[in-house]
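We use all heavy atoms of the structure for the numbers below, so side chains are in, but hydrogens, waters and symmetry mates are not.
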Amino acid sequence: MSLHEEQIQLFIHLFRTKPELFKQYREELSQLIDQAPDDAKALSGKIMDWCGEHIEIDKALAELSKVLNRGAGGEELNEEIPDYRPFKETLKNSIQQSYSGDDKKDNKND
């Protein structure tokens, strides 16, 4: 797996495990993903640039990377991270599912 693919995998994993970090950015992310090419290098670049503009997410991604990513020995990406390919489709589905999760939470408060 390339470095770009690993970065996308980590980002998707962060989105799926800590969706509250992204709640206010879902529309922005959705547009970013729609406009990005379906190419791991280009998509990773767009995502990493976006993360650089959102410090709290960038920090969370860096922390997740330390905990789950490859070690100094060049091991594969940690097995705790599912294979989220195809990346662009998985990102779009994750964003859509996060909206559905809000509806469920809102209905519990009724």
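For Thr17 (side chain) and His13 (main-chain N/O), a donor-acceptor pair under 3.5 Å exists by modelled atom type. When atom types are taken as modelled, the side chain of Ser65 and the backbone of Leu61 share no donor-acceptor pair closer than 3.5 angstrom.
Ring centroids of Phe15 and Tyr25 are separated by 6.0 Å or more, keeping the two rings apart.
The NZ atom of Lys59 lies 13.5 Å from the SG atom of Cys51; values are rounded to the nearest 0.5 Å. Rounded to the nearest 0.5 Å, atoms CD (Gln31) and CD1 (Ile95) are 10.0 Å apart. Summarising the geometry, atom OG belonging to Ser98 is positioned 9.5 Å from atom NZ belonging to Lys23; distances are rounded to the nearest 0.5 Å. To the nearest 0.5 Å, the span separating OG on Ser94 from CZ on Phe22 amounts to 10.0 Å. Residue Glu5 holds its CD atom at 12.0 Å from CG of Leu10, rounded to the nearest 0.5 Å.
In terms of the side-chain hydrogen bond (donor to acceptor under 3.5 Å, both in side chains) criterion, residue partners of Glu28 (sequence neighbours excluded) are, by chain and number, Trp50, His54. The side-chain hydrogen bond (donor to acceptor under 3.5 Å, both in side chains) check on Glu27 picks up Tyr99, with sequence neighbours excluded. Remark: Asp34 pairs with Lys92 by the side-chain hydrogen bond (donor to acceptor under 3.5 Å, both in side chains) rule, at least two apart or across chains. Glu53 is linked by a side-chain hydrogen bond (donor to acceptor under 3.5 Å, both in side chains) to nothing, counting only residues two or more places apart in sequence or in another chain.
Between Arg16 and Thr90, the closest side-chain pair of non-hydrogen atoms falls below 4.5 Å.
Taking both residues in full, the closest heavy atoms of Ile12 and Phe87 are given as CD1-O, 4.0 Å, listed atom of the first, atom of the second, then distance.
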Output a table of donor-acceptor pairs, distance under 3.5 Å, between side-chain atoms of residues 38-49 and any protein atom two or more places apart or on a different chain; print 'none' if there are none.
from	atom 1	to	atom 2	distance (Å)
Asp39	OD2	Lys41	N	3.3
Asp39	OD2	Ala42	N	2.8
Ser44	OG	Gln7	OE1	2.5

